[in-house]
Asker: 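Attaching a single structure in structure tokens format; questions to follow.
Chain letters run A, B, ... following the sequence lines, proteins first and then strands; every chain starts at 1.
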Amino acid sequence: MLKLHVNGRDWSYDGDPEIPLLWVLRDEFGLTGTKFGCGAGLCGACTVHVDGEAQRACTMQVSDAEGHAIVTIEGLDSKGEHPVQKAWRQLNVPQCGYCQAGQIMQAAAFLAKTPNPTRDDIHGAMSGNICRCGCYERIEAAIHLASTGV
Amino acid sequence: MGFVDNKHLSSAVMQPDQVSPDQGRRSFLQGVLAAGGCILAVDLLPARAGAAPAAVIKTGADAMSVFKTGADAMPHGTVNNPHVFITIDPSGKVTIIAARVEMGTGAARTSLPLIIADEMEADWNHVVIRQGHGDETYFGNQDTDGSRSVRHFFMPMRQTGAAMRAMLVAAAARRWNVPASEVRAENHQVLHAASGRKLSYGDLAGDVAKMPVPAAETLTLKQPEEFRYIGKGRIGMVDLFDITTGRAPYGIDTRLPGMKYAVIARPPVVGGKLVSFDATEALKVPGVEKVLEVQGWPWPSKFQPVGGVAVIARNTGAAIKGREALKITWDDGPNATYDSEAYRKEITATAQKPGLVVRNDGDADAAFAKAARVITADYYLPHLAHVSMEPPCATAVVADGKCEVWAPVQSPGNTFEELVKTLGLPPEAVKVNVTLLGGGFGRKSKCDFVLEAALIARDVKAPVKLVWTRDDDIRHDFYHTVSAEHLEAAIDAGGKVVGWRHRSVAPPIGSTFAAGVTHEIPIELGMGFVDLPYDIANIRCENGEAQAHTRIGWFRSVSNIPHGFAVQSFSAELAHALGRDPKDFLLDLIGPARIVDPRATAEKFWNYGEPFETYPIDTGRLRHVVELVAEKAGWGRKLPQGHGLGIAVHRSFVSYIATVVEVAVDARGNLSVPRVDTAIDCGAFVNPERIRSQIEGAAVMGLSLAKYGALTFKNGRAEQANFDDFPVIRIDEAPQVTHTHIVDSGYNVPPSGVGEPGVPPFAPALCNAIFAATGKRLRQMPIGDQLAI
């Protein structure tokens with residue numbers, strides 16, 4: 001039995017400890033805001049925070065998550081008012097929206113460490129997150145907006 | 001989990017863990033009711049109003065804005081009955097049904113409901129959107145494809161809203177016993193100016209709920225200057241809050257009590273089949289509960305499953321692990337030797353020879369025989385995979401002689417029909433609930449993945465969620481075609497183009513539906529090929545045969561990609577060869593403002609399903625977007641070293657689009673795109689903010705396909721499987737800025753497509769820019785390392 005700490009709550013999981021954290025969050029805990037995109041750490045749709053660092057839940061074995069504080073998009077801000085979320089809404093960033101939870105989690109972790117990013121900083125931090133709809137120009141603008149106050 | 005009785009709404013089903021109680025605003029839980037472990041939709045709609053709601057109002061009364069569209073020819077046409085789409089609650093809440101599918105354009109769940117809200121004078125702050133389920137006999141056509149939503153539903157949605165406004169006015173007038181002409185509706189209230197009396201929409205909810213719908217000729221549509229929302233672009237997407245908080249319900253997020261999770265191992269070659277399998281090791285994987293064969297249909301199998309072996313488990317991770325432990329023997333079938341390199345040579349050779357003549361103006365042979373100069377070029381574009389970020393997935397319950405599915409499908413009506421056929425159930429026993437789509441791009445018009453889920457659920461006798469992994473998605477797609485395009489121009493002594501020959505060779509979409517289809521079908525021919533809008537006396541379009549060896553499907557903008565790439569690259573090549581400015585030369589090729597009508601010279605000419613009279617090929621509009629984009633982009637401006645500008649124009653989905661790309665190519669051949677300008681004339685428009693987002697996205701998708709797009713086959717198998725070997729553009733290589741210039745044509749010009757038309761001009765504009773910057777002409781896509789030094 002694994003004990004996980006997710007979004008400030010304790011959860012337990014009694015299945016295979018070797019499967020990716022992603023499927024335990026989604027299928028076992030019902031935290032479906034974290035999305036499946038590639039299963040190989042190539043697209044960032046499954047980005048969560050592990051002790052404040054952005055991590056890909058699709059390549060992290062669930063047993064490795066034990067003992068760490070996991071935050072998913074559902075736990076980023078109880079009212080959905082994180083500056084990154086507000087900036088995303090202000091600039092109408094999403095199209096289909098599917099990748100955006102991962103984008104937002106990546107951006108939130110990045111801004112926590114780099115409060116005044118340059119364009120190159122943003123590209124460096126966000127290039128692991130794919131948006132097939134192509135919302136990149138707005139993602140970049142929203143990160144700038146979040147960093148300067150929404 | 002019982003079946004949801006509600007007849008017309010998609011049922012939202014999930015577990016309570018997913019949402020915390022303090023996150024209520026704009027939640028999709030609005031209007032749904034928690035019931036134990038799952039949440040069922042409440043019936044918000046009255047019984048069907050008459051047998052044929054579409055017949056209630058056939059034409060609007062306002063001649064200004066009534067135009068005939070291709071909607072009438074679509075299965076089940078359109079519906080404009082307010083009782084189908086609008087419910088008013090006594091609290092004043094107005095519920096509008098989104099009957100088409102939302103995949104990111106904003107059309108289905110924001111723009112179309114905005115039209116209704118505007119015409120009925122509803123306050124958007126008091127409007128909630130609910131998703132209709134798959135029932136085209138009730139809602140009209142739901143096939144969300146072909147950039148048709150606003151084009152076909154602009155007027156029916158206006159009529160729907162206007163009818164409801166008239167009903168509210170009539171209800172208030174009756175209560176006050178005054179003539180309706182003294183009463184007006186304004187921003188969620190009905191007012192009687194003479195007496196100062198007011199009633200809110202909520203007050204009148206009961207009065208209008210069962211009121212007969214007024215006759216068409218009594219309706220007055222708003223004048224454009226009265227529009228509150230249409231054309232303004234001030235309203236964000238309906239699902240914006242839920243998207244940014246992770247609560248927007250995509251297909252992959254469906255949860256049912258007792259649900260199992262499945263993945264399928266499919267035949268690696270299209271047309272192949274299962275010989276045998278050994279599940280011993282798979283069943284030892286913790287969490288794996290069952291392994292079973294999935295029925296496959298013989299190729300070409302349309303949208304039917306290709307078959308394979310399903311692994312069912314307690315979660316998707318266990319199912320994937322179980323699949324890796326399967327031992328399977330496949331028979332690869334007739335396509336086992338499909339090899340993209342050999343096929344490229346084959347179709348390129350075919351394009352050198354005369355093909356089936358599909359348009360013939362004047363006498364091209366004579367023009368070429370007399371030409372002072374003949375210029376030729378060959379272009380090649382490989383297969384593409386769609387790779388929507390949400391892969392195909394579906395959840396199904398099949399029990400007690402009924403089937404209910406939850407799925408991200410672009411085609412709820414077709415999905416419904418295919419389920420009825422495949423499962424052999426009566427129509428009333430099947431329900432298709434439509435979720436949000438995590439991207440579609442044409443892939444999710446094909447419901448194979450839903451049929452798979454239903455077949456597995458039937459055999460497992462439990463709710464099943466089927467997920468395609470990314471390698472499933474890339475290896476088993478309905479691929480964008482692969483194409484060889486051969487162009488020839490006959491030039492006279494004065495440097496004028498007097499003859500044009502275009503040969504296109506590409507395995508057609510028709511091959512997915514019937515064996516032996518080797519020629520492009522009318523919808524493909526009509527996409528930037530036989531509809532060539534150039535002012536050239538002698539034009540011959542020919543289509544060579546191409547045998548498909550995989551499943552061909554439509555991909556955002558479809559055959560416009562290869563046709564537009566070839567025509568617009570070649571146009572710039574001719575300009576260079578003749579020493580002309582590419583923009584000026586392009587305008588010369590288009591010629592004066594006029595209507596180009598290919599119906600006389602192109603057999604079975606297909607105009608995006610639209611009546612030619614409403615949507616002719618208008619070279620005045622085509623010229624205008626070229627001139628507009630050139631002006632806005634600063635065509636001819638001085639550029640830094642290594643930079644170049646390229647231009648391309650293309651009419652598709654009956655819209656007119658021109659793009660100027662500024663490219664920068666560094667000393668090592670790395671390309672970047674500092675700026676894109678696109679001018680779009682899509683006629684009357686509803687939501688300019690979402691038009692801009694579509695054009696921005698189209699530039700990124702265009703850059704993806706130009707730079708990286710290549711899905712190749714070896715030994716019948718797709719050679720790519722994930723974003724490492726099938727890359728798409730990421731943020732650090734995306735266009736730095738895309739400027740969208742929307743032509744404001746007013747509301748007398750019928751609306752046309754937006755979702756797809758931005759894609760076709762991008763790649764040729766880019767390659768024309770690369771030529772301007774480097775002198776290198778790229779005729780084979782993708783660009784890959786062709787610029788590397």
Side-chain angles (χ1 to χ4, degrees), chain A residues 15-16 18-20 22-24 26-40 42-43 45 62 72-74 76-80 84-86 88-89 92-101 104 120 122-124 126-140, chain B residues 14-15 17-18 20 22-23 103-105 236-237 239-241 243-248 250 252-253 255 261 285-287 314-318 320-321 387-391 436-439 441 467 469-470 689 693 696-701 722-724 728-732 734-738:
Chain A
D16 184 353
E18 293 180 359
I19 69 163
L22 171 68
W23 300 114
V24 176
R26 288 184 52 81
D27 297 352
E28 302 278 344
F29 300 165
L31 296 166
T32 53
T34 305
K35 297 299 192 243
F36 168 68
C38 68
L42 297 167
C43 80
V62 61
T72 70
I73 185 72
E74 291 91 342
L76 181 63
D77 183 275
S78 64
K79 293 189 163 54
V84 171
Q85 292 171 311
K86 284 160 64 180
W88 244 246
R89 295 195 290 268
N92 284 310
V93 169
Q95 290 182 36
C96 86
Y98 185 83
C99 72
Q100 300 296 343
I104 287 168
D120 284 348
I122 294 173
H123 286 186
M126 300 302 295
S127 63
N129 289 72
I130 292 175
C131 173
R132 181 62 162 154
C133 297
C135 303
Y136 295 124
E137 191 180 328
R138 296 188 193 212
I139 288 171
E140 187 179 320
Chain B
M14 56 183 293
Q15 289 188 335
D17 274 339
Q18 196 178 328
S20 60
D22 60 343
Q23 294 178 317
M103 59 189 132
T105 67
M237 281 175 85
D239 298 297
L240 198 48
F241 188 86
I243 286 170
T244 59
T245 53
R247 286 183 288 128
Y250 297 90
I252 204 169
D253 301 330
R255 293 171 63 74
Y261 297 82
V285 171
R314 67 175 274 176
N315 60 50
T316 314
I320 292 169
K321 225 170 133 178
V387 290
S388 55
M389 292 311 294
E390 178 195 42
L436 285 178
L437 273 62
F441 314 120
V467 170
T469 59
R470 183 58 61 193
E689 195 280 323
S693 70
E696 290 158 15
V700 176
M701 188 167 275
N722 213 317
F723 292 117
D724 49 354
V728 295
I729 292 297
R730 295 168 182 271
I731 194 168
D732 54 343
Q736 286 167 31
V737 58
T738 296

Asker: Hey, are R314(B) and D16(A) close enough for a salt bridge, meaning a charged N less than 4.0 Å from a carboxylate O?
Answerer: no
Asker: Decide yes or no for T244(B) and I104(A): does some side-chain heavy atom of the first lie under 4.5 Å from some side-chain heavy atom of the second?
Answerer: yes
Asker: Are the side chains of F36(A) and T316(B) in touch, meaning some heavy atoms are under 4.5 Å apart?
Answerer: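 The answer is no; the side chains never approach within 4.5 Å.
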Asker: Any donor-acceptor pair under 3.5 Å linking the side chain of Y98(A) with the backbone of L437(B)?
Answerer: no
Asker: Donor-acceptor pair, distance only, cut-off 3.5 Å: does the side chain of E696(B) make one with the backbone of E137(A)?
Answerer: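 Not confirmed, E696(B) side chain does not pair with E137(A) backbone.
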Asker: Within this structure, what is the SG-CG distance for the pair C43(A) and D724(B), rounded to the nearest 0.5 Å?
Answerer: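 Between atom SG of C43(A) and atom CG of D724(B) there are 11.5 Å.
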Asker: Hey, does the side chain of R26(A) reach the backbone of N315(B) with a donor-acceptor pair shorter than 3.5 angstrom?
Answerer: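 No; zero donor-acceptor contacts below 3.5 Å.
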Asker: Is C133(A) close to chain B through its backbone or its side chain, or both, or neither, when contacts mean heavy atoms under 4.5 Å?
Answerer: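 Backbone plus side chain of C133(A), per the 4.5 Å heavy-atom cut-off to chain B.
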Asker: Mark yes or no for whether D732(B), through its side chain, and H123(A), through its backbone, hold a donor-acceptor pair below 3.5 Å.
Answerer: no
Asker: For N129(A), is it the side chain, the backbone, both or neither that has a heavy atom under 4.5 Å from a heavy atom of chain B?
Answerer: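 Only the backbone of N129(A) comes within 4.5 Å of chain B.
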Asker: Given that the side chain runs from C-beta out, which part of Y261(B) has a heavy atom under 4.5 Å from chain A: side chain, backbone, both or neither?
Answerer: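 Side chain of Y261(B) only, per the 4.5 Å heavy-atom cut-off to chain A.
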Asker: For R138(A) and S693(B), run side-chain contact (heavy atoms from CB on, under 4.5 Å): C-alpha distance rounded to whole Å, both residues' side-chain angles, the deciding distance at 0.1 Å, then the answer.
Answerer: CA-CA 9 Å; R138(A) 296 188 193 212; S693(B) 70; 3.5 Å; yes
Asker: Within the structure provided, determine whether C131(A) and M389(B) are in side-chain contact (heavy-atom separation under 4.5 Å).
Answerer: no
Asker: Drop me the distance from T32(A)'s OG1 to I252(B)'s CD1, to the nearest 0.5 angstrom.
Answerer: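 Going from the OG1 atom of T32(A) to the CD1 atom of I252(B) covers 9.5 Å.
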Asker: So for M103(B), is it side chain, backbone, both, or neither that comes closer than 4.5 Å to the heavy atoms of chain A?
Answerer: backbone
Asker: Tell me, do T245(B) and Q85(A) make a side-chain contact under 4.5 Å, heavy atoms counted?
Answerer: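 Heavy-atom side-chain distance check passes, below 4.5 Å.
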Asker: Is there a donor-acceptor pair closer than 3.5 Å between any side-chain N or O of N92(A) and the backbone N or O of E689(B)?
Answerer: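 No: the side chain of N92(A) does not pair with the backbone of E689(B).
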Asker: With a 3.5 Å distance limit and no angle check, can you tell me whether Y250(B) reaches the backbone of C96(A) through a side-chain donor-acceptor pair?
Answerer: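 Such a contact is found between Y250(B) side chain and C96(A) backbone.
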Asker: Could you walk me through whether R730(B) and S127(A) satisfy the side chain to side chain donor-acceptor pair (under 3.5 Å) test, starting with their C-alpha distance in whole Å, then the side-chain angles of each, then the deciding distance to 0.1 Å, before giving a yes or no?
Answerer: CA-CA 6 Å; R730(B) 295 168 182 271; S127(A) 63; over 6 Å; no
Asker: Considering only heavy atoms from C-beta outward, does the side chain of D253(B) approach that of K35(A) to under 4.5 Å?
Answerer: yes
Asker: Just by distance, do the side chain of Q95(A) and the backbone of T105(B) share a donor-acceptor pair under 3.5 Å?
Answerer: no
Asker: Side chains of S388(B) and R132(A) only: does a donor on one sit below 3.5 Å from an acceptor on the other?
Answerer: no
Asker: Side chain, backbone, both or neither: which part of V737(B) has a heavy atom under 4.5 Å from chain A?
Answerer: both
Asker: Does any part of the side chain of E18(A), heavy atoms only, come nearer than 4.5 Å to the side chain of P286(B), both counted from C-beta?
Answerer: no
Asker: Check whether I130(A) gets within reach of chain B through its side chain, its backbone, both or neither, counting any heavy atom under 4.5 Å.
Answerer: both
